[in-house]
Peer 1: 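The structure follows.
Nothing here was measured: the structure is a model prediction, and the numbers come from that model.
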Amino acid sequence: MRRIISFLAKNLLVLGLVSLIGLSGAFSFAQPSHAAVVSTQEGMSDSSRADQAQEQKYEQLAKEARDAVNNPQALDEQYDLDQKASKQGQGGLIEGAKKTLEKVTGADK
């Protein structure tokens with residue numbers, strides 16, 4: 001009689017553990033609510049919209065850079081324009097500094 005009770009107790013324990021493992025596996029495939037996918041623009045947060053706008057801006061800049069590399073003549077022209085603008089900006093700064101120095105020192109030409 002003790003053998004039967006011992007055998008049933010062991011089998012019941014094994015059956016219970018297998019049932020718990022199976023039950024926990026059933027819950028592992030359920031999708032939690034925080035992982036729900038939002039597919040509409042209304043559901044997007046402000047940060048998502050900002051990220052999307054930044055990505056579009058990056059793509060536009062990358063396209064412009066590829067176009068500039070493919071057209072070296074336009075790249076050279078833009079470089080020359082930038083050099084002229086830089087020289088004009090520096091000349092104005094130097095002239096302004098000279099005028100200010102003359103005002104402060106009182107030296108008139």
Peer 1: With sequence neighbours excluded, what pairs up with D67 under the salt bridge (charged side-chain N to carboxylate O under 4.0 Å, His left out) test?
Peer 2: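 Counting only residues at least two positions away or on another chain, D67 forms a salt bridge (charged side-chain N to carboxylate O under 4.0 Å, His left out) with K63.
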
Peer 1: By side-chain hydrogen bond (donor to acceptor under 3.5 Å, both in side chains), which residues pair with Q83, not counting sequence neighbours?
Peer 2: Y79

Peer 1: Does atom CD of E59 have more than 12 heavy-atom neighbours, drawn from other residues, nucleotides or ligands, at distances under 6.0 Å?
Peer 2: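 Correct, the count exceeds 12.
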
Peer 1: Of all residues at least two apart in sequence or in a different chain, which pass the side chain to side chain contact (heavy atoms under 4.5 Å, CB included) check with E64?
Peer 2: Q60, L61

Peer 1: Excluding sequence neighbours, so at least two apart, what forms side-chain hydrogen bond (donor to acceptor under 3.5 Å, both in side chains) with D82?
Peer 2: Q78

Peer 1: For E77, check side chain to side chain contact (heavy atoms under 4.5 Å, CB included) against everything at least two apart and list the hits.
Peer 2: Q73

Peer 1: Side-chain heavy atoms under 4.5 Å apart, restricted to Ile/Leu/Val/Met/Phe/Trp/Tyr: what other residues fall into the cluster of V14, or is it alone?
Peer 2: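 In the cluster with V14 are V18.
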
Peer 1: Restricting to side chain to side chain contact (heavy atoms under 4.5 Å, CB included), what partner residues turn up for T105, sequence neighbours left out?
Peer 2: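 Applying side chain to side chain contact (heavy atoms under 4.5 Å, CB included) to T105 gives L101, A107.
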
Peer 1: Hey, what do you get for CG (L81) to CG (D76), rounding to the nearest 0.5 Å?
Peer 2: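 Here the interatomic distance stands at 11.0 Å.
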
